[in-house]
Amino acid sequence: MAEKVNQQVYPSAPTNKQPSRDEESATSLSDQELRKKKRIKLGIYIAVFVVFQVIVITAFSLTVMRVKTPKVRLGTVKLQDVKTGNQTSPSFDISFTTQVRIKNTNFGPYKYESTNVTFTYQGVTVGQVSIPKGKAGFRSTKKVTVTVSVNSNALPISTTSTSLKSELGVEVLTLKSHAKLSGKVELMFVMKKKKAAEMNCTMPIALLTKAVQLNCD
Ligand SMILES: *[C@@H]1O[C@H](CO)[C@@H](O)[C@H](O)[C@H]1NC(C)=O
Ligand SMILES: *[C@@H]1O[C@H](CO)[C@@H](O)[C@H](O)[C@H]1NC(C)=O
Ligand SMILES: *[C@@H]1O[C@H](CO)[C@@H](O)[C@H](O)[C@H]1NC(C)=O
């Protein structure tokens with residue numbers, strides 16, 4: 001019985017070992033397949049990640065890193081004192097307050113140099129105001145309140161006796177304003193790009209109603 005048992009045990013032992021080797025090779029095969037699948041998965045992940053990065057970088061460079069030219073504009077003009085001469089002796093002496101607004105839509109500050117805002121009548125400078133150097137912050141508008149005095153003292157007689165005389169006749173005086181700021185937009189604390197902001201405004205002053213219809217570009 002013991003022999004029989006032994007005989008039964010012995011052949012059964014190798015047959016038991018044989019499938020175990022098969023199982024080993026089978027598990028190592030599925031291991032390889034698993035690794036292959038893992039590699040494919042990793043490849044897909046990397047590809048998706050690369051595509052995602054390209055999209056992010058493109059979106060970033062089209063929005064955040066795109067340097068936009070800051071804008072400079074005048075705010076509402078509030079007339080303070082208005083003196084005008086008559087038709088025989090045409091002249092003006094006007095003071096008003098307004099705001100010089102430097103609008104920066106960049107994702108970083110705009111640092112600008114000091115400049116002059118000039119006011120002209122028929123191409124002749126009749127007043128100017130200086131803007132000290134400063135900074136318009138991250139996506140914000142810097143507002144500088146100024147008081148301006150303009151008068152006809154510098155105008156040649158050829159202008160006062162023609163344009164000014166007729167404009168006083170219709171009670172509308174048209175001034176123009178110009179400003180140009182030079183400065184730098186700073187992005188991500190390191191990238192700097194020179195940007196100039198320019199403004200041309202037309203400001204017809206209605207002498208009767210004391211209203212000013214600003215038109216800037
Ligand atoms: C026009 O103004 C001048 C200077 O103020 C004055 O001498 C003259 O009399 C005025 N003329 C009229 C028609 O009002
Ligand atoms: C502004 O005008 C003043 C007086 O005319 C001049 O001295 C100064 O250099 C001007 N500043 C700028 C930045 O152009
Ligand atoms: C403003 O006017 C000046 C002189 O007429 C011109 O050279 C300049 O191009 C104008 N700038 C803008 C932004 O319109």
Side-chain angles (χ1 to χ4, degrees), residues 66-77 79-106 109-137 140-186 192-208 210 212-217:
R66 210 184 95 215
V67 182
K68 283 150 275 183
T69 304
K71 281 183 181 158
V72 53
R73 292 285 179 272
L74 289 182
T76 309
V77 173
L79 295 176
Q80 304 268 293
D81 194 18
V82 181
K83 291 191 201 97
T84 53
N86 57 32
Q87 291 271 81
T88 42
S89 173
S91 68
F92 64 84
D93 191 345
I94 299 167
S95 66
F96 57 87
T97 60
T98 186
Q99 268 183 346
V100 177
R101 297 179 181 180
I102 299 124
K103 188 179 178 186
N104 175 30
T105 55
N106 290 292
Y110 175 57
K111 289 175 182 162
Y112 54 86
E113 295 301 315
S114 65
T115 191
N116 288 328
V117 180
T118 58
F119 295 85
T120 57
Y121 182 80
Q122 296 286 317
V124 180
T125 300
V126 293
Q128 86 173 15
V129 65
S130 74
I131 304 295
K133 76 172 186 179
K135 183 178 88 172
S140 65
T141 303
K142 170 86 173 182
K143 294 166 189 155
V144 183
T145 302
V146 292
T147 302
V148 186
S149 294
V150 291
N151 63 58
S152 56
N153 296 349
L155 295 179
I157 190 87
S158 59
T159 304
T160 52
S161 64
T162 55
S163 307
L164 187 54
K165 188 179 171 182
S166 65
E167 285 207 347
L168 289 179
V170 296
E171 308 271 9
V172 177
L173 196 65
T174 305
L175 297 181
K176 284 189 176 172
S177 180
H178 176 257
K180 191 171 181 177
L181 286 178
S182 53
K184 283 174 191 158
V185 172
E186 201 177 287
K192 284 180 186 173
K193 189 139 191 234
K194 275 190 185 176
K195 278 286 172 189
E198 198 178 5
M199 161 194 97
N200 278 329
C201 292
T202 305
M203 36 186 295
I205 303 170
L207 298 171
L208 285 178
K210 303 236 186 311
V212 181
Q213 288 289 319
L214 259 184
N215 185 7
C216 295
D217 55 36

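Worth saying up front: this structure is predicted, and the values here are computed from it rather than measured. In each ligand, atom 1 is the first atom listed, and ligand 1 is the first ligand listed.
Between the side chains of T118 and N116, no donor N or O sits under 3.5 Å from an acceptor N or O.
For atom 12 (C) of ligand 1, the nearest non-hydrogen atom of the protein is N86 ND2, 3.0 Å. Of the protein's non-hydrogen atoms, S114 O, 3.4 Å is the one closest to atom 13 (C) of ligand 2. From the protein, the heavy atom lying nearest to atom 4 (C) of ligand 2 is Q128 NE2, 3.4 Å. Looking at atom 11 (N) of ligand 2, its nearest protein heavy atom turns out to be N116 ND2, 3.0 Å.
Atom NZ in K71 sits 6.0 Å away from atom CZ in R73 (nearest 0.5 Å).
Counting protein heavy atoms under 4.0 angstrom from atom 7 (O) of ligand 3 gives zero.
Below 3.5 Å of separation, one finds no N or O of H178 facing any N or O of ligand 3.
A donor-acceptor pair under 3.5 Å is formed between the side chain of S152 and the backbone N or O of F92. Checked by atom type and distance alone, the side chain of E167 pairs as donor or acceptor with a backbone atom of T174 at under 3.5 Å. Between the S89 side chain and the N86 main chain, no donor and acceptor come within less than 3.5 Å of each other.
In this structure the side chain of S182 never reaches within 4.5 angstrom of the side chain of K194, judged on heavy atoms.
Among T120, T69, N200, the residue whose heavy atom lies nearest to atom 3 (C) of ligand 3 is N200.
For ligand 2 and T115, the ligand atoms under 4.0 Å from any heavy atom of the residue are 13 (C).
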